[in-house]
Amino acid sequence: MEEGLAQNSVPPSGPIDKSRILDVKPMRSLIPVFPMSPQAPASGQYPSGFSPFFPFGGPQQGSSGAPRGGAIPAPIQAYRSPVGAGEGGTSMDGSSGRKNAASRSARSAAKRNKKAVGVPVDASGLVGISPAQREDGSREVVHLIMTTFDAIRRRICQLDDAKELSSGSIKRSDLKACNTLMSKGIRTNLRKRVGAVPGVEIGDIFYFRMELCIVGLHAPSMGGIDSLHVKGEFEEEIIAISIVSSGEYDDEAEDNDVIIYTGQGGNFNKKDKHVTDQKLERGNLALDRSSRQRNEVRVIRGIRDGANPNSKIYVYDGLYKIQDSWVDRAKSGGGVFKYKLVRVPGQPSAFAVWKSVQKFKSGFPSRTGLIIGDLSSGAESIPVSLVNDVDNVKAPAYFTYFHSLRHPKSFSLMQPSHGCSCGKSCVPGDLNCSCIRRNGSILVSRRPLIHECGPTCQCFPNCKNRASQTGLKHHMEVFKTKDRGWGLRSLDPIRAGSFICEYAGEVIDQARLNQLAKEGDANEYVFDTTRIYEEFKWNYEPRLLEEVSTNDSTEDYTMPYPLIISAKNVGNVARFMNHSCSPNVFWQPILYEENNQSFLHVAFFAISHIPPMTELTYDYGIASSGHAGGSRDSKGKKRCLCGSSKCRGSFG
DNA sequence: GTACCTTCATCATA
DNA sequence: CTATGATGAAGGTA
């Protein structure tokens, strides 16, 4: 997931030191703020009690034959060999496109940072992307920029929500956030190029056009065609370097590897204007030239977001070449250009994965390797499927499926209990809610502890300050990995910051943990907050919006209370999540009151946007020394197979 | 659920 | 150099 760094020269002199350049701000809650979704359908409570899990019983057992075959595309990012990332080499350099590449602000910033080597710290001392990084990205820089964008965007959302001005104010958090980043020069891959963009991988997903823009995948904020001037044989000519296919037009997708793309311009689709033909200029001209040059064109596919039908998700589907072009006539009669793009073979599948998932969901044809349709047996409102298409193992060892903690450990309250008395539902920015107020000031980042509303509160159960209590929101799947046992992934895309699941199980104490250690498999299905976790911080909210003051910039990231959970006998999907040294999921301590007592829970949230079918992983951390029977050093550890460039080699 | 309608930011052209 | 225009966006409203 992290390879391809040093590919395009100009090494930004080492990884970014986030702790130095970034200022993490406290946030109010971890609920993902989507501009318009009602967020919680609140489709009722869980059926009380436990639901037993019978791996071999029941009528819905999968077909008997050995599940095998390639019906399920491999996870996009999980096990990529280093080959895919670094094609780079053949890029035609956009020499002429370069002259106007830098925006004014970027230029001035570049001037300021002229001498700066490595991580630049801008005048205010906080965030910076070096001039080199601004021109050519890397996985790390892209990740940083995406995360920063989303952090700022959410904060703007929360501020808007809290103000509740609603005086017809247009809430374009994406534009505002983009503005902020652009003006600070926080963007990358500004140098246009043909072919792969360093740091952006095939299968990566985006929730706004602006995200494509700031990572340099596709520059125009609205337009579907991005182009570049190159030196032709005799004169300069323009070629296409990327397109966005929104699927809404007349673009046809006969199969996963072919797109019939319609040119731009012409009033053939508007009803007020009179019909005009498209002209062979701008993007159309670029596509035309590219069909002769046969250069690679990046393709981004726009897909309707199932969870949020009003918005779209953009999937980077890799490189295509224009194989054919012709003139056609739209229904309205206007002449249009058509271009046939064919996917360059040998690339990891991206859009094809989405298509397969659609088929899985429609249940037709029945899926290869499906063992159980819902291993939660109804305990979750969305089924949890169990599949194995790599070997003959039929099911994980027996356990009881339960959605939360059993025998939860309670803590005496610091103050007398008072849940909030909000009338309906609490929103993240609202300081009138006493629960939200306990979380301190605004924001959405990882916190030492987050207070959620609970049963004691007056607010509705679908209140937004109960993110971790509303059950699974995504169609999760337990699947057999090639070399790491069972793993967890989602059939749905997961937006950065979204709640994924709680770590369910039985709360145990240190003595019991030590006993398990002696028995051998202490690490199996145990979550232990007393372990040492690197990089506890997430969501590097930079101090970009001046109007918000930091009242607590120095935060203690040690755990407030120890909590050890065993999911060996009782648990939910979280027990199947594997370790990775560069994970896409983080855990977060959550506290809420129930029966006049406070209970601590552990919940998981997405670090970044996660495409469907990508394995979900979090960092298991390192066993703290000084307990657990002393000799845990090399014995209790397992060789790490996460494959990350930052891999520590072992875990446990 | 669809159809407009308003306000957007960017980059290439003029 | 700066202004202008084209443009498969997003969100809200009818």
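Both backbone and side-chain heavy atoms feed into the values below; hydrogens, waters and symmetry mates do not. So you know, we letter chains A, B, ... as the sequences are listed, proteins then strands, and number each from 1. Please read these numbers as outputs of a predicted model, since none were measured by experiment.
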Check your understanding: Within the side chain of A:Gln278, is there an N or O that forms a donor-acceptor pair under 3.5 Å with the backbone of A:Gly265?
Key -> yes
Of A:Gly223 and A:Tyr314, the one whose closest nucleotide on DNA chain C sits nearer the 5' end is A:Gly223
Considering only heavy side-chain atoms of A:Tyr261, the closest of B:dA9, C:dG11, C:dG8 is C:dG8
A:Glu211 CD to B:dA9 C1', in whole Å, measures 15 Å
- Checking only heavy atoms, does the side chain of A:Arg209 share a donor-acceptor pair with the base of C:dA9 at less than 3.5 Å? no
Ranking C:dG11, C:dA6, B:dC8 by distance to the side chain of A:Met222, first place goes to B:dC8
Pair A:Lys340-A:Ser325, side-chain donor/acceptor within less than 3.5 Å: no
Return no unless some side-chain N or O of A:Ser246 is found under 4.0 Å from OP1 or OP2 of C:dA9.
yes
query: Short question: side chain of A:Asp150, backbone of A:Thr147 - any donor-acceptor pair under 3.5 Å?
result: no
A:Lys176 NZ to B:dT7 P, in whole Å, measures 14 Å
Query raised in the report: Using the ring of each side chain (for Trp, its six-membered ring), is A:Phe605 parallel, tilted or perpendicular to A:Phe499, with breaks at 30° and 60°?
Result: perpendicular
Mind checking if A:Asp226 touches a base, just sugar-phosphate, or nothing, with heavy atoms under 4.0 Å? nothing
Give a yes or no on whether a salt bridge exists between A:Arg153 and A:Asp174, defined as a side-chain N under 4.0 angstrom from a carboxylate O.
no
Exercise. Within the pair A:His218 and C:dT7, is there a side-chain N or O less than 4.0 Å away from OP1 or OP2?
Worked result: no
Here the pair of heavy atoms bringing A:Ile500 nearest to A:Leu472 is O-CD2, 3.3 Å
Taking B:dA9, C:dG8, B:dC11 as options, the one with an atom nearest any side-chain atom of A:Gln264 is C:dG8
In whole angstroms, the gap separating P of C:dG11 from CZ of A:Arg304 amounts to 13 Å
Has A:Gln133 got a side-chain atom pairing as donor or acceptor with A:Ile129's backbone, closer than 3.5 angstrom? no
Considering only heavy side-chain atoms of A:Thr262, the closest of C:dG8, C:dA9, C:dA10 is C:dG8
Regarding C:dG8, purine or pyrimidine glycosidic angle vs 90° from 0 gives syn
Sorted by chain and number, sequence neighbours left out, side-chain hydrogen bond (donor to acceptor under 3.5 Å, both in side chains) with A:Tyr320 holds for A:Arg301, A:Asp317
Whole-Å distance, A:Arg282 CZ to B:dC11 C1', equals 10 Å
Of A:Ser221 and A:Pro309, the one whose closest nucleotide on DNA chain B sits nearer the 5' end is A:Pro309
When rounded to whole Å, the CD to P distance for the pair A:Glu281 and C:dT7 reads 8 Å
A:Cys213 has its side chain closest, among B:dT10, B:dT13, C:dG11, to B:dT10
In whole angstroms, the gap separating C1' of B:dT10 from CD1 of A:Ile241 amounts to 14 Å
From CG of A:Asp317 across to P of C:dG8 the rounded distance in Å is 20 Å
Side-chain contact check for A:Lys312: nearest option of B:dT10, C:dA10, B:dT13 is C:dA10
Comparing A:Asn179 with A:Ser227, nearest DNA chain B nucleotide closer to 5' gives the residue A:Asn179
The nucleotide from B:dC11, B:dA9, C:dA9 with an atom nearest the side chain of A:Lys192 is B:dC11
In whole angstroms, the gap separating P of B:dA12 from CG of A:Leu287 amounts to 15 Å
Stems with DNA chain B, 3 or more Watson-Crick or G-U pairs in a row (under 3.5 Å), are B:2-7 with C:9-14, B:9-14 with C:2-7
Taking C:dG8, C:dA10, B:dT10 as options, the one with an atom nearest any side-chain atom of A:Met182 is B:dT10
Sorted by chain and number, sequence neighbours left out, side-chain hydrogen bond (donor to acceptor under 3.5 Å, both in side chains) with A:Asp257 holds for none
